[in-house]
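These notes are about the structure you will find just below.
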Amino acid sequence: MGKDKAKSAWSAHQRSWRLAKTRRELISVTALAGAMALLPTSVRSQERFPTRNIRIIVPFPAGATTDMLARLFAQRMSEGLGQSVVVENVGGAGGSLGADQVAKAAPDGYTLLFHNITFTTTTSSLQSAGRSPHDIEQDFMPIAVGAYVPLLLLSHPSVPARDLKEFVDYAKQTKEPLFYGSTGPGSVMNLMSEVLKRDTGIKLDHVPFRRCSVGAGDAVPEYNSAATSFRARCSTCAPVRSPRWR
């Protein structure tokens with residue numbers, strides 16, 4: 001074959017290859033466009049998150065440790081996201097009422113739950129009893145640990161004990177059970193006290209309180225009465241500094 005014929009054949013081959021490549025590209029683009037057309041509108045027009053206010057549900061009264069931490073997080077989130085983050089207090093049932101609101105909210109990231117360790121204990125207890133309105137594994141998605149908060153055991157001044165050992169010795173000598181307060185059945189405070197009761201053999205009766213926040217002693221007189229010998233709670237400064245507890 002001569003050089004001219006070889007060159008002509010090669011040029012024809014290049015043109016054919018380019019046309020084939022163009023057809024393949026056109027088919028690919030058409031197929032992609034068709035696939036995009038089949039996608040839901042919500043996927044094709046993903047909105048930039050967030051475009052409206054975010055709610056943080058705190059299942060405890062305002063002023064509690066969990067509430068104060070949630071407000072710190074909300075402030076930083078508002079600054080970082082450029083969108084308002086609103087904290088709402090929905091107390092009651094050891095935190096279950098607020099948690100249930102989040103469980104039943106639209107799963108769009110605009111309703112968040114800021115709970116404490118009581119969430120796992122209370123929900124698990126209610127689930128075991130068949131009374132939980134939500135499932136801790138199916139209705140919630142963990143995001144992050146907010147803070148590590150120690151637990152305190154506080155006694156009424158009328159109790160002649162300065163430490164845990166003296167308290168156990170005192171409780172063993174009493175004829176009637178001592179009463180203790182917590183945020184509710186299944187709460188970590190309730191479980192911690194029941195473990196103390198089991199391991200030491202002392203007599204204790206549980207008195208659940210809806211309010212267990214900073215200043216709750218002033219609002220709930222019976223919570224500070226001698227009838228309530230001690231309470232287990234997440235740490236806050238007010239009860240520790242108060243003469244009503246030690």
Side-chain angles (χ1 to χ4, degrees), residues 25-128 131-151 183-184 186-189 210-214 233-236:
E25 290 174 345
L26 180 60
I27 292 173
S28 298
V29 171
T30 304
L32 179 61
M36 288 296 293
L38 294 176
L39 292 176
T41 305
S42 59
V43 176
R44 285 185 280 128
S45 57
Q46 281 287 351
E47 62 180 20
R48 182 180 177 277
F49 181 87
T51 59
R52 63 179 190 273
N53 291 354
I54 296 175
R55 298 167 61 217
I56 296 182
I57 302 296
V58 176
F60 300 104
T65 305
T66 308
D67 173 67
M68 291 188 290
L69 290 171
R71 293 181 187 279
L72 290 174
F73 272 81
Q75 180 181 347
R76 291 300 180 90
M77 288 175 64
S78 296
E79 295 170 356
L81 296 173
Q83 190 66 249
S84 296
V85 180
V86 182
V87 174
E88 295 183 18
N89 298 95
V90 185
S96 293
L97 294 182
D100 196 51
Q101 277 199 18
V102 178
K104 292 177 171 55
D108 53 12
Y110 286 95
T111 306
L112 307 177
L113 176 67
F114 199 97
H115 215 312
N116 57 29
I117 193 172
T118 298
F119 177 48
T120 55
T121 56
T122 302
T123 307
S124 298
S125 299
L126 290 173
Q127 282 188 251
S128 297
R131 294 165 44 204
S132 178
H134 46 257
D135 189 293
I136 193 171
E137 294 184 355
Q138 296 182 12
D139 296 328
F140 301 92
M141 177 65 68
I143 299 175
V145 175
Y148 292 97
V149 181
L151 294 174
T183 54
S187 67
V188 67
M189 298 83 166
R210 179 180 178 183
R211 295 194 62 186
C212 188
S213 60
V214 179
R233 60 164 297 133
C234 295
S235 66
T236 52

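Residues passing the salt bridge (Lys or Arg N to Asp or Glu O under 4.0 Å) test with Asp100 are Lys104, sequence neighbours excluded. Asp67 pairs by the side-chain hydrogen bond (donor to acceptor under 3.5 Å, both in side chains) definition with Arg71, Asn89, not counting sequence neighbours. For His115, there are no side-chain hydrogen bond (donor to acceptor under 3.5 Å, both in side chains) partners, not counting sequence neighbours.
When all heavy atoms of Ser96 and His134 are compared, the closest pair comes out as O-CE1, 3.6 Å. When all heavy atoms are compared, the tightest approach of Leu69 to Ala147 is CD1-CB, 3.8 Å. Heavy atoms only, all atoms of each residue included: Asp135 and Asp139 are closest at N-OD2, 2.7 Å. Looking at every heavy atom in both residues, Pro59 comes nearest to Ala99 through CB-N, 4.3 Å.
Here the CG atom belonging to Asn53 is positioned 11.0 Å from the OG1 atom belonging to Thr111, to the nearest 0.5 angstrom. Taken to the nearest 0.5 Å, the CZ atom of Phe60 stands 10.0 Å off from the OG1 atom of Thr65.
The number of heavy-atom neighbours closer than 6.0 Å to CD of Glu79, taken from other residues, nucleotides and ligands shown, is above 12.
By the 4.5 Å heavy-atom criterion applied to side chains, Arg76 and Leu72 are not counted as neighbours. For the pair Arg52 and Asp108, the minimum side-chain heavy-atom distance is below 4.5 Å. Contact check for Thr51 versus Tyr110: side-chain heavy atoms found under the 4.5 Å cut-off.
Pairs passing the ring-ring contact (aromatic ring centres under 6.0 Å, His included) check and including a residue from residues 64-84, sequence neighbours excluded, read Phe73-Phe114. Listed by first and then second residue, the ring-ring contact (aromatic ring centres under 6.0 Å, His included) pairs involving residues 76-98 amount to none (not counting sequence neighbours). The list of salt bridge (charged side-chain N to carboxylate O under 4.0 Å, His left out) pairs with a residue in residues 83-96, not counting sequence neighbours, reads Arg55-Glu88.
A perpendicular orientation is assigned to the rings of Phe140 and Phe119, their planes being inclined by more than 60° (bins at 30° and 60°).
A donor-acceptor distance shorter than 3.5 angstrom exists from the side chain of Thr120 to the backbone of Ile117, with no hydrogens or angles considered.
Each of Val87, Val90, Val86 was checked for a side chain to side chain contact (heavy atoms under 4.5 Å, CB included) with Ile57, and the lone residue meeting it is Val90.
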